[in-house]
Student: 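The structure under discussion is supplied below as structure tokens; questions concerning it will follow.
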Amino acid sequence: MTKEENEARLDKLKNIVRSMPEKPGSYQYYDADGTIIYVGKAKNLKARVSSYFHTEVDRFKTKVLVSKIFDISYTVVNTEEDALLLENALIKKYNPRYNVLLKDGKTYPSICVTKEYLPRIFSTRTINKKAGQYYGPYSHVGTMHAILDLIKKLYHPRPCRQPMTKEGVESGKYQVCLEYHIKNCKGPCIGKQSWDDYQKSIRQALEILKGNTRQVQREMKDEMLNLAEELRFEEAEEMKRRYLLLDQFVSKSEVVSHTIDNIDVLSITNDEKIAYVNYIHVSNGQINQSFTFEYKKKLEETDEELLQLAIVEMRQRFNSHAKEIIVPHEVDIDLDGVTITVPQRGDKKTLLDLSMMNGKQYKFDRLKQAEKLNPEQKQVRLMKELQDLLHLQKMPYQIECFDNSNISGSDAVAACVVFKKMKPSKQDYRKYNIKTVVGPDDYASMKEVVYRRYKRLIDEEEPLPDLIVADGGKGQMEVIRQAVQDELGLEIPIAGLAKNERHRTNELLYGFPPRVVAIKDTSELFRVLTQLQDEVHRFAITFHRDKRSKRALHSELDNIKGIGPKTRDVLLNALKSVHRIREADLEKLTGIVGQAKAQTVYDFFHPNEHLR
């Protein structure tokens with residue numbers, strides 16, 4: 001598109017905006033092909049739509065949207081609530097490219113109560129509103145099965161799928177099945193249970209599904225007392241059994257407050273691309289619905305905008321007529337007869353906190369599921385987390401850690417381990433013999449090794465690490481800084497892992513002068529960092545142990561003139577240690593390596609006998 005064509009496009013759009021009314025409504029943006037790419041709502045159509053075409057619009061994604069608009073249409077309505085409902089309906093109908101995408105949870109099951117002559121109650125993932133009433137969806141399948149089991153024990157709704165009619169029952173068309181004989185059904189198909197009694201059971205089951213358990217309990221108690229007065233004790237006992245079952249179920253449910261009734265609670269938890277909105281409905285002081293929806297963000301939508309959409313969507317989906325909605329912050333939405341509350345304390349604040357906890361847990365669970373399918377996603381998350389924690393310029397793809405090992409300065413060695421994408425890269429591990437330091441000086445040894453490591457990488461034009469981690473505190477960090485920054489002139493971030501008096505890693509240090517970075521020692525990132533520390537310690541200790549062993553073997557067997565590596569290995573394989581070789585007699589040694597070599601070894605370890 002040329003500059004002139006773009007200016008003509010913008011002039012056309014601004015002319016449409018100038019003629020728009022200052023009334024509530026919904027607006028639609030179209031691309032060059034006439035496809036709806038965005039649907040919005042507004043209290044004032046003219047003011048809202050004109051805001052998109054201001055030169056000071058600073059959101060990049062909004063600028064991209066505006067560059068794709070070639071036409072605008074709008075619909076005027078009477079109230080803001082109507083505008084919200086219309087926007088919600090149009091988004092569902094057209095699924096515009098730039099609107100927030102609702103993942104509506106169709107994979108979660110719901111409970112269906114059919115509209116048949118003898119209704120059935122069962123779980124399903126297919127929604128057909130002509131077939132019956134639906135309750136749910138249930139994100140926690142265990143909760144749904146607990147409710148179905150309760151209804152089954154209380155009312156025994158028929159489990160069979162056979163279509164049944166009034167005429168069929170009256171004419172004796174049907175026969176009872178096994179479920180009747182094992183007492184899972186009362187046989188309404190053959191008139192063993194009257195139609196009125198069956199319908200009464202279904203009505204009470206519906207009240208339980210709506211969360212009105214107290215009302216059902218009151219009805220049960222009244223009926224139980226009436227049956228007892230009429231001396232119908234067996235039926236009264238059965239009603240008592242039902243009452244106790246329901247009471248036991250209610251006692252396990254989340255009771256908020258007996259004073260709270262018919263309230264919706266919504267909270268929002270965000271990450272960069274997805275918002276998680278948790279919905280809780282409270283009826284008769286109890287939580288009877290909790291569900292979390294995902295909204296995939298397209299235009300950097302604010303929490304307020306997402307909550308507006310969610311309020312309309314969830315009240316429609318769950319058929320809620322609550323007169324009060326609890327939210328975490330102010331939402332500019334006007335619903336007829338509905339109060340928006342932002343609680344600061346008390347039972348309502350407890351409800352909001354519970355909703356927030358559910359949203360965060362859902363986000364965490366979804367993250368874990370995604371990481372199981374794509375392990376690399378977890379590594380990227382941890383790198384991003386460390387980048388944000390230390391305010392690094394780029395993600396720490398390659399992290400290196402150093403450690404020294406010596407005993408009173410003898411056999412001094414050092415090791416460098418490399419983690420790439422938060423995983424050990426063992427082919428990049430390096431071992432170092434300390435060359436210039438005499439005696440047990442850990443700081444000088446560390447400085448030597450770090451200098452040698454990065455001087456060589458520079459000379460060989462190999463990639464440098466994104467982060468260096470010192471196995472220690474401020475002292476180790478400082479000598480690394482001297483080698484890296486002062487002597488080599490490199491700008492590589494340096495962190496440290498300090499240990500407490502019990503020799504357990506408890507602090508992450510960063511910066512100069514070093515400061516403690518707040519990180520939970522139970523977090524996944526902290527565990528990876530301590531794994532890095534443990535790995536470099538293990539690698540350095542193993543190298544030091546191998547060097548000591550080689551030195552010990554060399555001083556004994558390799559100094560025997562006339563005995564080569566093959567003979568040495570044969571002796572060690574047979575006798576397992578230098579001590580046993582020294583203690584062996586000539587006959588035993590002869591049996592292993594022959595008389596001449598046996599004599600040489602024996603004379604080496606027993607020089608005094610040779611002199612005699």
Student: Within a radius of less than 6.0 Å around CG of Asn128, do more than 12 heavy atoms belonging to other residues, nucleotides or ligands occur?
Tutor: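 Counting other residues, nucleotides and ligands, CG of Asn128 exceeds 12 neighbours.
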Student: Please check: side-chain N/O of Asp33 versus main-chain N/O of Thr35, any donor-acceptor pairing under 3.5 Å?
Tutor: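 Answer holds: no.
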Student: Evaluate the side-chain proximity of Leu525 to Ile519: yes if any heavy-atom separation is below 4.5 Å, no if none is.
Tutor: yes
Student: Classify the ring geometry of Tyr27 against Tyr29: parallel below 30°, tilted from 30° to 60°, perpendicular beyond 60°.
Tutor: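 Answer is tilted, since the angle falls between 30° and 60°.
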Student: Counting only heavy atoms not in Asp388 (residues, nucleotides, ligands), do more than 12 fall under 6.0 Å from its CG?
Tutor: yes
Student: Look up atom CZ in Arg315 and atom CD1 in Ile325, then write down how far apart they are to the nearest 0.5 Å.
Tutor: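 Going from CZ on Arg315 over to CD1 on Ile325, the span is 4.5 Å.
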Student: Kindly determine whether Leu118 and Tyr198 satisfy side-chain contact (heavy atoms from CB on, under 4.5 Å), including the steps that lead there.
Tutor: CA-CA 8 Å; Leu118 295 174; Tyr198 191 86; 3.9 Å; yes
Student: So, the side chain of Lys240 versus the backbone of Met224: is there a donor-acceptor pair under 3.5 Å, distance only?
Tutor: no
Student: Donor-acceptor pair, distance only, cut-off 3.5 Å: does the side chain of Arg158 make one with the backbone of Gln162?
Tutor: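 Confirmed, Arg158 side chain pairs with Gln162 backbone.
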Student: Within a 6.0 Å radius of atom NZ on Lys297, are there more than 12 heavy atoms belonging to other residues, nucleotides or ligands?
Tutor: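 For Lys297, atom NZ is crowded (more than 12 foreign heavy atoms under 6.0 Å).
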Student: To check you understand the geometry: which heavy-atom pair defines the closest contact between Gly132 and Cys112, and what is its length?
Tutor: CA-SG, 4.4 Å
Student: Can you name the nearest heavy-atom pair linking Val76 to Pro21, along with the distance?
Tutor: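 What the structure gives for the nearest pair is CG2-CG, 3.6 Å.
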Student: Has Lys46 got more than 12 heavy atoms of other residues, nucleotides or ligands less than 6.0 Å from its NZ?
Tutor: yes
Student: Could you measure the distance from the CZ atom of Arg232 to the CD atom of Glu234? Nearest 0.5 Å is fine.
Tutor: 11.5 Å
Student: Atom CZ of residue position Arg120 - does it have more than 12 heavy atoms of other residues, nucleotides or ligands inside 6.0 Å?
Tutor: yes
Student: Do any N or O atoms from the side chain of Ser267 and from the backbone of Ser355 form a donor-acceptor pair under 3.5 angstrom?
Tutor: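 Checked: pair present.
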Student: Would you tell me whether Tyr279 and Thr292 have side-chain atoms, one donor and one acceptor, within less than 3.5 Å of each other?
Tutor: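 Looking only at side-chain atoms, Thr292 and Tyr279 do not form any donor-acceptor pair under 3.5 Å.
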Student: For the NZ atom of Lys130 and the NZ atom of Lys115, what is their distance to the nearest 0.5 Å?
Tutor: 10.0 Å
Student: With side-chain contact (heavy atoms from CB on, under 4.5 Å) as the test, would you mind laying out the steps for Thr341 and Val327 before giving the verdict?
Tutor: CA-CA 6 Å; Thr341 303; Val327 289; over 6 Å; no
Student: For the pair Glu116 (side chain) and Pro163 (backbone), establish whether a donor and an acceptor sit closer than 3.5 Å, ignoring hydrogens and angles.
Tutor: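 Looks like no, no N/O pair under 3.5 Å.
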Student: So Glu507 and Leu497, do their side chains get closer than 4.5 Å, heavy atoms only?
Tutor: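 When only atoms from C-beta onward are counted, Glu507 and Leu497 do not touch, as no gap falls below 4.5 Å.
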Student: If we only count heavy atoms from C-beta on, is the Thr269 to Val277 side-chain gap below 4.5 Å?
Tutor: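 Thr269 does not reach Val277 side chain to side chain.
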Student: So Ile72 and Gln28, do their side chains get closer than 4.5 Å, heavy atoms only?
Tutor: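 Counting from C-beta outward, Gln28 and Ile72 never come under 4.5 Å.
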Student: Are Lys43 and Asp332 close enough for a salt bridge, meaning some N to O gap below 4.0 Å?
Tutor: yes
Student: Search all heavy atoms of Val176 against all heavy atoms of Gly187 and return the closest pair with its distance.
Tutor: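 Heavy-atom minimum between the residues: CG1-CA, 4.5 Å.
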Student: So, taking the atom named CD in Gln199 and the one named OH in Tyr117, what distance separates them when rounded to the nearest 0.5 Å?
Tutor: 8.0 Å
Student: Atom NZ of Lys186 and atom CD of Glu179: how far apart are they, to the nearest 0.5 Å?
Tutor: 15.0 Å
Student: Let me confirm one number: the NZ-CE distance from Lys420 to Met383, rounded to the nearest 0.5 Å.
Tutor: 12.5 Å
Student: Have Thr530 and Arg527 got a donor and an acceptor in their side chains that come within less than 3.5 Å?
Tutor: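 No pair is found: no donor N or O on one side chain lies under 3.5 Å from an acceptor on the other.
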Student: Determine whether Val380 and Met395 satisfy the following criterion, side-chain contact (heavy atoms from CB on, under 4.5 Å), listing intermediate values before the conclusion.
Tutor: CA-CA 8 Å; Val380 173; Met395 280 200 295; 4.3 Å; yes
Student: So, the side chain of Glu223 versus the backbone of Met220: is there a donor-acceptor pair under 3.5 Å, distance only?
Tutor: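 Pair absent, no side-chain N/O of Glu223 close to backbone of Met220.
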Student: So, Asn184 side chain and Tyr180 main chain: donor-acceptor pair closer than 3.5 Å or not?
Tutor: no
Student: Between Ser171 (side chain only) and Glu167 (backbone N and O only), is there a donor and an acceptor less than 3.5 Å apart?
Tutor: yes
Student: Show, in sequence, the C-alpha distance, side-chain angles and deciding distance for Tyr74 and Ser26, and conclude whether the side-chain hydrogen bond (donor to acceptor under 3.5 Å, both in side chains) test is met.
Tutor: CA-CA 6 Å; Tyr74 57 89; Ser26 173; over 6 Å; no
Student: Is it true that a side-chain atom of Lys273 and a backbone atom of Lys296 form a donor plus acceptor pair closer than 3.5 Å?
Tutor: no
Student: Which pair of non-hydrogen atoms, one from Ile36 and one from Val39, has the smallest distance, and what is that distance?
Tutor: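 For Ile36 and Val39, the tightest heavy-atom pair comes out as CG2-CG2, 3.8 Å.
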Student: Short question: side chain of Asp197, backbone of Gln193 - any donor-acceptor pair under 3.5 Å?
Tutor: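 Judged by distance alone, no pair lies under 3.5 Å.
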Student: Which residue, Asn99, Leu306, Leu309, forms the side-chain contact (heavy atoms from CB on, under 4.5 Å) with Glu301?
Tutor: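 Of the listed residues Asn99, Leu306, Leu309, the side-chain contact (heavy atoms from CB on, under 4.5 Å) partner of Glu301 is Leu306.
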Student: Taking the side chain as everything from C-beta on, heavy atoms only, tell me whether Leu148 gets closer than 4.5 Å to Leu150.
Tutor: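 Contact flag for Leu148/Leu150 side chains = no.
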Student: Locate the shortest heavy-atom distance separating Ala42 from Ala83; write the atom from each residue and the value.
Tutor: O-CB, 4.2 Å
Student: Can you see whether Lys360 engages Asn278 through a side-chain donor-acceptor pair at a distance of less than 3.5 angstrom?
Tutor: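 Per modelled atom types, Lys360 and Asn278 side chains form no pair under 3.5 Å.
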Student: Using side-chain heavy atoms (C-beta onward) and a distance below 4.5 Å, is Ile121 in contact with Ile202?
Tutor: yes
Student: A side-chain contact here means heavy atoms from C-beta on lying under 4.5 Å apart; do Lys349 and Asp353 qualify?
Tutor: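 Lys349 reaches Asp353 side chain to side chain.
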Student: Does the side chain of Thr75 reach to within under 4.5 Å of the side chain of Leu86, using non-hydrogen atoms?
Tutor: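 The answer is yes, as the side chains (C-beta and beyond) meet within the 4.5 Å cut-off.
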Student: Verify side-chain contact (heavy atoms from CB on, under 4.5 Å) between Phe526 and Glu524, making sure each step is shown before the conclusion.
Tutor: CA-CA 5 Å; Phe526 191 81; Glu524 200 167 5; over 6 Å; no
